[in-house]
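Worksheet: one structure, shown below.
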2 protein chains.
Amino acid sequence: MEQRVIDTLRKVFELNGFIGIETRAVEQGSSLLKKGETSKEIYLLSRLQEVGQENDTPVEERLGLHFDLTVPLSRYVVEHSGDLAFPFKRWQIQKVWRGERPQEGRFREFVQADIDVIGAGDLPDHYEVELPLVMVAALERLRAFGLPKATVHANNRKLSEGFYRGLGLTDIEGVLREIDKLDKIGADEVAKLLVEGCGADESQARACLELAELTAADGAELAERFDALCAAHGIATDSEAYALARQGLDTLAMIVDEAARIRPGSVIADLKIARGLDYYTGSVYETFLDGAASLGSVCSGGRYDNLASQGNRKYPGVGLSIGLSRLVSYMLHTAGAHANRVSPACVLVAVWNEADRAASNRIAGELRARGIAADVAPTAAKLGKQIKYADKLGIPYVWFPADAADEQAVDEVKNIVTGEQTPADARSWEPDSVYARQTVAIA
Amino acid sequence: MEQRVIDTLRKVFELNGFIGIETRAVEQGSSLLKKGETSKEIYLLSRLQEVGQENDTPVEERLGLHFDLTVPLSRYVVEHSGDLAFPFKRWQIQKVWRGERPQEGRFREFVQADIDVIGAGDLPDHYEVELPLVMVAALERLRAFGLPKATVHANNRKLSEGFYRGLGLTDIEGVLREIDKLDKIGADEVAKLLVEGCGADESQARACLELAELTAADGAELAERFDALCAAHGIATDSEAYALARQGLDTLAMIVDEAARIRPGSVIADLKIARGLDYYTGSVYETFLDGAASLGSVCSGGRYDNLASQGNRKYPGVGLSIGLSRLVSYMLHTAGAHANRVSPACVLVAVWNEADRAASNRIAGELRARGIAADVAPTAAKLGKQIKYADKLGIPYVWFPADAADEQAVDEVKNIVTGEQTPADARSWEPDSVYARQTVAIA
C-alpha cells in the first residue's frame with residue numbers, strides 16, 4: 001500500500017522535473033538545533049559503549065535523527081553547491097523521527113514526501129504557485145486509492161506581519177504561534193493567549209482573529225476584504241506596515257489567481273494559516289481533504305529565505321511536505337483502501353512429490369523469465385493443502401506439472417478464484433489481466 | 001543509482017514470490033540485545049528533553065536503531081504469526097545503523113537488502129539452496145551496472161562443529177569466531193588465537209585450518225576430501241561428532257549439487273566460511289565478486305533455527321542479506337557506474353518572457369499528461385542561458401514555444417546533444433528512445 005503510494009508520488013515529482021535525493025538519517029546536533037521550536041522533539045543517539053558518558057559531549061556535537069527533510073536539504077545544498085544547477089528542484093521521500101511520546105494519530109517514526117526548489121541568491125516567485133500545484137496533482141493521483149479531493153489553503157507571512165505591526169503589535173512570532181492554534185482551541189482561547197502572552201489588548205486580539213477569518217478564492221476579493229479590515233482598524237495605506245502587508249498580499253493574490261487559471265478550486269487564500277515554525281518568510285501553505293477536517297493539514301510548507309546560507313550567499317527556497325504515514329493510515333482506516341499480506345506471485349507451482357521438485361522449479365523459472373512472478377509449493381503436501389496455501393497468500397493461479405511418467409500428459413493451470421482449469425505451457429501462458437499481480441508492500 | 005539498483009532487486013525478489021515488508025527503524029533495547037556479538041554496535045536513542053536522565057532507564061527498556069533486518073523480522077513474525085501464511089517469504093530493503101566509529105568502506109548508516117523464508121515449526125531444506133540462488137539471480141541482474149560475476153561460498157555449522165568436537169575441542173563458538181578472521185589476519189595468527197584463546201593445541205589448531213582450506217564444487221568431492229581429513233585426524237566415522245558433521249555435510253552436498261544443476265558455477269562449498277554471528281545453526285553463506293576479493297563478502301547469511309519462538313513454537317529461517325551501500329559504492333568507484341546529479345526531465349520548455357510563462361507551462365503540462373517528464377525554464381533569461389541550464393541538468397531537449405504574435409508560427413524542439421531542431425506539437429511529439437530519461441536518484 002505505502003509502496004504503491006510512494007511510487008505514484010515519485011512518478012508525479014519526476015514528471016515535473018524534480019531530482020530524487022536521499023540523505024542520511026543521522027545529522028550533527030548543531031544542524032538539528034538550528035531550527036527553533038521542533039528542536040525539542042529530537043532523538044539523540046549514543047553508542048552502547050558510551051552509555052553513562054553521553055553527557056561528556058555537548059548536544060551540538062552529538063548525533064541525532066533528522067526530524068524533517070528540510071534541515072538535511074539545507075545541509076545538502078550547501079555541501080554540494082558547486083555541483084548543482086540552480087534553481088535546484090528535488091524530491092525526497094524518507095522516514096523522519098520525532099522524540100515525542102506517541103499519541104493516537106502521531107508516530108515517533110513516519111515517512112514524509114517533500115518537494116522543494118532552492119535558488120542560489122534569488123528565487124523567482126512563480127515557484128510559489130507551481131510547487132503547491134505539483135502537490136495538488138500528486139494528491140489528485142492518490143484519489144485512485146480512495147483519497148478525497150485536496151485543497152491548498154495559502155497565506156503569506158508578510159501579510160500577517162504587516163497587519164499585526166499596523167495594529168501596533170511587536171511580538172510577531174508569538175502572535176503567529178497562537179493563531180496557529182485556532183483550529184485546536186478556538187477563537188476565545190486564542191484571544192486570551194494573545195492578551196496574556198503577546199502584549200495585545202482586547203481590541204488588537206479581536207483584529208488578529210478577524211484577519212484569521214478572512215478567506216478568498218481570487219486576488220481582487222482578497223485585496224478588497226483586506227483593505228476594508230485595515231480601514232476598520234486604522235491601518236493607513238501609506239504606512240510602512242501596510243507596505244509590508246501589501247507585498248505579501250500581492251504574492252498571495254498572484255498565487256490564487258494563477259492557480260485558479262491552471263487548476264480551478266485547488267488553492268484558496270485563507271488568512272488563518274500561520275505555520276508554527278519560525279523559518280518561513282513569505283508564502284505558507286496547508287492542505288485539507290474534503291470531509292476530513294479532523295485529520296488536519298496533510299501537506300504543508302512555505303517559502304523560506306534564510307534557512308541555508310554560505311558566506312554572503314543565501315539559498316532561498318519554497319517547499320511542501322506530505323505527511324505520508326498519516327495519509328496512508330487515513331486511507332487504510334477511512335477511505336476503504338486495505339493492506340494485504342499477500343504474495344506478489346501470480347502462480348503457485350504445485351509439487352507432486354519432493355523428487356519432482358526440480359520440474360516445478362523449472363516451470364517457475366520459465367514463468368519468471370517472462371516476467372510472471374511465481375512461487376513453488378513449500379512441500380509436496382496433499383493438493384488441497386497446496387491450494388489452501390496459495391489462497392491464503394492471495395495467489396490466483398495454481399500450476400499442475402504434467403505427470404512425468406505419462407508422455408502424453410501436459411501441464412494444467414487452475415484459477416482458484418473462478419475454478420477454471422486449462423492446459424498450459426509455461427513458455428507461452430499468460431494470466432488474465434485481472435489476475436496479474438500488483439506490487440505489494442505491507443504497511 | 002541506488003534507487004535503480006533497489007528497483008532491480010525488488011523486481012527479482014517479487015518475481016520469486018517474496019512479499020515486501022517494512023519495519024520501523026526503532027526497536028526495544030531488549031530485542032536488540034538478544035543477538036550476541038553485534039549488540040555492542042547499537043545506537044541507543046534519547047529524547048532531547050531527557051538528556052542527563054538517560055541512565056535512569058535500563059538499556060533493555062530504552063529504544064535503539066535496528067542494526068540488521070533479521071532481528072526486526074523475528075519480532076514481526078511473532079507479532080503477526082496469526083495473519084501470515086507459512087513458510088513466509090519476505091524481502092525487505094531498508095537502512096540499518098551500527099554505532100561504530102566510521103572507517104573507510106564502513107558506514108554508520110547503510111542500506112541492506114534481505115530475503116528470508118520463515119517456517120512455523122519446521123522448514124524444508126530445499127530453501128537452503130533456493131535462497132542463495134535468488135540472490136545470485138539478483139546479483140546477476142546488477143551486472144548491467146558493471147558488477148562482476150558473483151559466487152556464493154557455502155559451509156555448514158554442523159559440519160564444522162562435528163569436526164571440531166571430533167578433534168576434542170569444546171569452545172565451538174570461539175573457534176568459529178577465530179576462523180572467521182582467516183582472510184583478514186592469515187593462518188598463522190588464527191592458529192595462535194586458537195591455541196591462546198580456544199583451548200586448542202598446535203595439532204588441533206592446524207587441523208582446524210586444514211578444514212578451512214577445503215573447497216569443493218560437487219558433493220562427492222566434498223565428502224571424499226572431508227572423510228580423508230577425518231581419517232588423518234583420527235575422527236571415527238561411527239562417532240557422535242562425525243554423525244553431526246555428516247548431517248551438515250549432506251545438506252552442503254545437496255546445496256552445491258542442486259545449485260550446479262540449476263545454475264552451474266554459482267555456489268561452491270568453502271569450509272572456511274564461519275560467519276561471526278552466533279545464531280546460525282546450519283548452512284552459512286558468503287558471496288564474493290570476481291576480481292574484488294578486497295571488498296569481502298557482498299551477500300551473507302545462513303540458516304537459523306532458534307532466532308524466533310513463541311511458547312513452544314519455533315520459527316526456523318533461512319536468509320541472506322546484501323550490503324547494498326557498500327555494493328553501490330563499489331559500483332560507483334570501481335565498476336565504472338556513476339551517479340549524476342541530473343534531472344529526470346526529458347524536456348526543458350523555454351520561456352521567452354515572464355508574461356508568456358503560462359504558455360510554456362501549458363506545453364509542459366501537455367507533455368507530462370503523456371508521460372514525458374518536463375521542466376520549465378526558471379527565468380526568461382537569454383536563450384543561451386536557458387540551454388546551459390538544461391545542459392547542466394542533463395536534459396536532452398529544449399522546447400521553443402511558438403511566437404504568440406505570429407499565427408503561422410509553430411513550436412520547435414531542439415536536441416541539444418545532436419543539435420537537431422524540428423517543428424513539434426506537444427500533443428504528439430515523442431523523444432528519441434535513446435534520450436528518454438531514466439529514473440534518477442543521487443547516492
Side-chain angles (χ1 to χ4, degrees), chain A residues 2-3 14-22 24-26 39-49 51-52 54-55 59 65 80 83-85 87 89 95 97 99-100 108-109 124 126 261-262 341-345 357-358 361 368 371 373-375 378-379 389 392-393 439-443, chain B residues 2-3 14-22 24-26 39-49 51-52 54-55 59 65 80 83-85 87 89 95 97 99-100 108-109 124 126 261-262 341-345 357-358 361 368 371 373-375 378-379 389 392-393 439-443:
Chain A
E2 189 172 89
Q3 192 57 56
E14 301 209 325
L15 267 179
N16 282 277
F18 287 79
I19 297 174
I21 74 164
E22 170 139 353
R24 57 178 195 260
V26 175
S39 60
K40 283 171 204 128
E41 298 182 349
I42 298 172
Y43 272 128
L44 293 171
L45 302 180
S46 39
R47 296 166 63 212
L48 187 58
Q49 297 93 314
V51 162
E54 292 100 323
N55 300 309
V59 170
L65 294 175
H80 297 277
D83 304 321
L84 300 175
K89 294 167 70 176
K95 285 185 175 172
W97 292 265
E100 62 193 50
R108 286 175 296 195
E109 168 176 309
H126 60 80
R261 220 180 36 73
I262 298 171
R341 284 195 185 79
V342 301
S343 170
R357 175 169 295 280
N361 281 335
R368 288 171 194 147
D375 204 348
T379 62
Y389 180 70
K392 191 160 184 192
L393 281 170
T439 295
V440 173
I442 292 171
Chain B
E2 189 172 88
Q3 192 57 55
E14 300 209 326
L15 268 179
N16 284 276
F18 287 80
I19 297 174
I21 74 164
E22 170 140 352
R24 57 180 196 258
V26 175
S39 61
K40 281 172 206 127
E41 298 182 350
I42 298 172
Y43 272 129
L44 292 172
L45 302 180
S46 40
R47 297 166 61 212
L48 186 58
Q49 298 94 313
V51 162
E54 293 100 325
N55 299 309
V59 169
L65 295 174
H80 297 277
D83 304 320
L84 300 174
K89 295 167 70 175
K95 286 185 175 170
W97 292 267
E100 63 192 51
R108 285 176 297 195
E109 167 176 310
H126 60 80
R261 217 178 38 72
I262 298 170
R341 282 195 188 80
V342 300
S343 169
R357 175 168 296 280
N361 281 334
R368 288 171 194 146
D375 204 349
T379 61
Y389 180 68
K392 190 159 184 194
L393 282 171
T439 296
V440 172
I442 293 171

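Chain letters run A, B, ... following the sequence lines, proteins first and then strands; every chain starts at 1.
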Inset, instruction - Rounded to the nearest 0.5 Å, what's the gap from CZ on A/Arg357 to NE2 on B/His126? Could you check? - result: 3.0 Å
Legend entry - Best-contacting candidate, B/Asp375, B/Ile262, B/Leu15, B/Leu45, against chain A by heavy atom pairs under 4.5 angstrom: B/Leu15
Inset, instruction - Please report the shortest heavy-atom distance between A/Ser343 and B/Ile19, naming the atom on each side. - result: CA-CG1, 3.6 Å
Legend entry - Nearest heavy atoms of B/Glu109 and A/Arg24, plus distance in Å: OE2-CA, 2.8 Å
Legend entry - Spacing of B/Trp97 atom CH2 and A/Leu65 atom CG [to the nearest 0.5 Å]: 7.0 Å
Legend entry - Pairwise distance CD1(B/Ile21) to CD(A/Gln3) - rounded to 0.5 angstrom: 13.0 Å
Inset, instruction - Check each atom of B/Pro124 against the heavy atoms of chain A and say whether the ones under 4.5 Å are side chain, backbone, both or neither. - result: side chain
Legend entry - Closest non-hydrogen atom pair, B/Ala85 against A/Lys392: CB-CG, 3.7 Å
Legend entry - Minimal non-hydrogen separation, A/Ala25 against B/Lys95, with atom names: N-NZ, 3.8 Å
Legend entry - Contacting moiety of B/Val59, where chain A heavy atoms sit under 4.5 Å: side chain
